[in-house]
Amino acid sequence: MDRNTVSVEKDISCDDFQAQVEDVLIRHKSILDITTKLDEYTSRINRAVIKSVTYCGCIEIHATKQDYNKESLEEIKNNMENHVKGSLCPSCREILEEEIGAYIFYLSALCNTLDINLSEAVLKEYGNMKTLGIFSLK
Ligand SMILES: [Zn+2]
(Lines give C-alpha, C1' and ligand atoms only; values in the text may rest on other atoms or scores of the structure.)
Protein backbone atom coordinates (compact mmCIF):
# COMPACT_ATOMS: atom_id res chain seq x y z
CA MET A 1 0.00 0.00 0.00
CA ASP A 2 1.30 3.47 -0.88
CA ARG A 3 2.05 5.32 2.36
CA ASN A 4 0.61 8.52 0.92
CA THR A 5 -2.81 6.91 0.49
CA VAL A 6 -2.97 5.77 4.10
CA SER A 7 -5.14 8.01 6.21
CA VAL A 8 -3.86 8.28 9.76
CA GLU A 9 -5.41 10.27 12.56
CA LYS A 10 -3.10 13.10 13.54
CA ASP A 11 -3.42 12.43 17.25
CA ILE A 12 -2.59 8.70 17.20
CA SER A 13 -1.65 7.53 20.68
CA CYS A 14 1.80 6.25 21.62
CA ASP A 15 0.12 3.06 22.87
CA ASP A 16 -1.48 2.41 19.49
CA PHE A 17 1.79 3.12 17.68
CA GLN A 18 3.76 0.85 20.03
CA ALA A 19 1.20 -1.95 19.61
CA GLN A 20 1.34 -1.62 15.83
CA VAL A 21 5.16 -1.86 15.91
CA GLU A 22 4.83 -5.08 17.93
CA ASP A 23 2.49 -6.46 15.26
CA VAL A 24 4.65 -5.70 12.24
CA LEU A 25 8.27 -6.06 13.42
CA ILE A 26 9.63 -9.36 12.12
CA ARG A 27 12.99 -9.07 10.40
CA HIS A 28 14.79 -6.86 12.95
CA LYS A 29 13.36 -8.41 16.11
CA SER A 30 16.71 -8.90 17.86
CA ILE A 31 17.73 -6.16 20.28
CA LEU A 32 21.03 -6.08 18.37
CA ASP A 33 19.19 -5.16 15.19
CA ILE A 34 16.96 -2.68 17.00
CA THR A 35 19.76 -0.76 18.72
CA THR A 36 21.88 -0.60 15.58
CA LYS A 37 18.83 0.51 13.58
CA LEU A 38 18.39 3.34 16.10
CA ASP A 39 22.00 4.36 15.43
CA GLU A 40 21.44 4.10 11.68
CA TYR A 41 18.36 6.32 11.78
CA THR A 42 20.07 8.90 14.00
CA SER A 43 22.71 9.17 11.28
CA ARG A 44 20.09 9.26 8.53
CA ILE A 45 18.23 12.10 10.29
CA ASN A 46 21.46 14.08 10.64
CA ARG A 47 22.38 13.34 7.01
CA ALA A 48 18.96 14.52 5.81
CA VAL A 49 19.34 17.79 7.72
CA ILE A 50 22.80 18.38 6.25
CA LYS A 51 21.65 17.51 2.71
CA SER A 52 18.92 20.13 3.11
CA VAL A 53 21.77 22.59 3.56
CA THR A 54 24.46 21.35 1.18
CA TYR A 55 22.44 19.74 -1.61
CA CYS A 56 19.01 21.39 -1.64
CA GLY A 57 19.85 24.72 0.00
CA CYS A 58 16.38 25.35 1.44
CA ILE A 59 17.98 25.92 4.84
CA GLU A 60 21.34 27.37 5.82
CA ILE A 61 23.32 27.09 9.02
CA HIS A 62 24.93 30.26 10.33
CA ALA A 63 26.49 29.23 13.61
CA THR A 64 28.08 31.61 16.08
CA LYS A 65 28.98 31.44 19.75
CA GLN A 66 25.94 31.43 22.03
CA ASP A 67 25.67 34.38 24.42
CA TYR A 68 25.20 33.18 28.01
CA ASN A 69 26.17 36.55 29.44
CA LYS A 70 22.68 37.57 30.57
CA GLU A 71 21.03 38.41 33.87
CA SER A 72 18.47 35.59 33.98
CA LEU A 73 17.71 32.16 32.53
CA GLU A 74 14.66 33.68 30.86
CA GLU A 75 16.85 36.27 29.16
CA ILE A 76 19.35 33.58 28.10
CA LYS A 77 16.52 31.45 26.72
CA ASN A 78 15.12 34.34 24.71
CA ASN A 79 18.52 35.10 23.17
CA MET A 80 19.68 31.59 22.22
CA GLU A 81 20.00 30.95 18.48
CA ASN A 82 19.17 27.73 16.62
CA HIS A 83 21.49 28.90 13.82
CA VAL A 84 19.06 27.81 11.08
CA LYS A 85 18.08 30.29 8.38
CA GLY A 86 15.22 29.51 6.01
CA SER A 87 12.74 26.66 6.21
CA LEU A 88 12.52 23.13 4.86
CA CYS A 89 11.10 22.73 1.38
CA PRO A 90 8.33 20.10 0.98
CA SER A 91 10.76 17.52 -0.41
CA CYS A 92 13.30 17.84 2.44
CA ARG A 93 10.47 17.92 4.99
CA GLU A 94 9.06 14.66 3.60
CA ILE A 95 12.46 12.95 3.75
CA LEU A 96 13.04 14.09 7.34
CA GLU A 97 9.57 13.00 8.41
CA GLU A 98 10.25 9.53 6.97
CA GLU A 99 13.60 9.23 8.78
CA ILE A 100 12.13 10.49 12.07
CA GLY A 101 9.20 8.10 11.71
CA ALA A 102 11.55 5.16 11.18
CA TYR A 103 13.55 6.25 14.24
CA ILE A 104 10.39 6.30 16.36
CA PHE A 105 9.48 2.87 14.97
CA TYR A 106 12.74 1.38 16.29
CA LEU A 107 12.49 3.36 19.53
CA SER A 108 9.07 1.77 20.03
CA ALA A 109 10.52 -1.64 19.18
CA LEU A 110 13.20 -1.14 21.85
CA CYS A 111 10.48 -0.24 24.35
CA ASN A 112 8.54 -3.39 23.41
CA THR A 113 11.61 -5.59 23.80
CA LEU A 114 12.40 -4.21 27.25
CA ASP A 115 8.77 -3.95 28.40
CA ILE A 116 8.81 -0.16 28.63
CA ASN A 117 5.65 1.79 27.88
CA LEU A 118 6.52 4.64 25.51
CA SER A 119 3.54 6.71 26.71
CA GLU A 120 4.75 6.48 30.29
CA ALA A 121 8.26 7.54 29.27
CA VAL A 122 6.82 10.52 27.39
CA LEU A 123 4.57 11.41 30.32
CA LYS A 124 7.49 11.22 32.80
CA GLU A 125 9.55 13.53 30.61
CA TYR A 126 6.58 15.86 30.18
CA GLY A 127 6.10 15.92 33.96
CA ASN A 128 9.78 16.78 34.47
CA MET A 129 9.52 19.61 31.97
CA LYS A 130 6.35 20.96 33.60
CA THR A 131 7.91 20.74 37.08
CA LEU A 132 11.33 22.16 36.29
CA GLY A 133 10.42 24.47 33.39
CA ILE A 134 13.48 26.27 32.10
CA PHE A 135 15.40 25.05 35.16
CA SER A 136 15.67 21.61 33.51
CA LEU A 137 18.51 23.35 31.64
CA LYS A 138 18.19 21.33 28.45
ZN1 LIG B 1 14.99 21.34 0.62
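Whatever order the structure lists ligands and atoms in, that order sets their numbers, starting from 1. What's counted below: heavy atoms across the whole structure, side chains too, no hydrogens, waters or symmetry copies.
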A.B. asks: Once you round to the nearest 0.5 Å, how far does CD1 of Ile50 lie from CD1 of Ile59?
C.D. replies: 7.5 Å
A.B. asks: Rounded to the nearest 0.5 Å, how far does CZ of Arg27 lie from NZ of Lys29?
C.D. replies: 14.5 Å
A.B. asks: Just checking, any donor-acceptor pair under 3.5 angstrom between side chains of Asp16 and Ser13?
C.D. replies: yes
A.B. asks: How many protein N, O or S atoms are found at a distance of less than 2.8 Å from the Zn ion (ligand 1)?
C.D. replies: 4
A.B. asks: Check Lys85 with Glu60, please: is the shortest side-chain N to carboxylate O separation under 4.0 Å?
C.D. replies: no
A.B. asks: Can you tell me which residue among Ile76, Asn82, Asn78 is in a side chain to side chain contact (heavy atoms under 4.5 Å, CB included) with Met80?
C.D. replies: Ile76
A.B. asks: Taking Arg93 first and then Glu98, would you say they form a salt bridge - that is, a charged N and a carboxylate O separated by under 4.0 Å?
C.D. replies: no
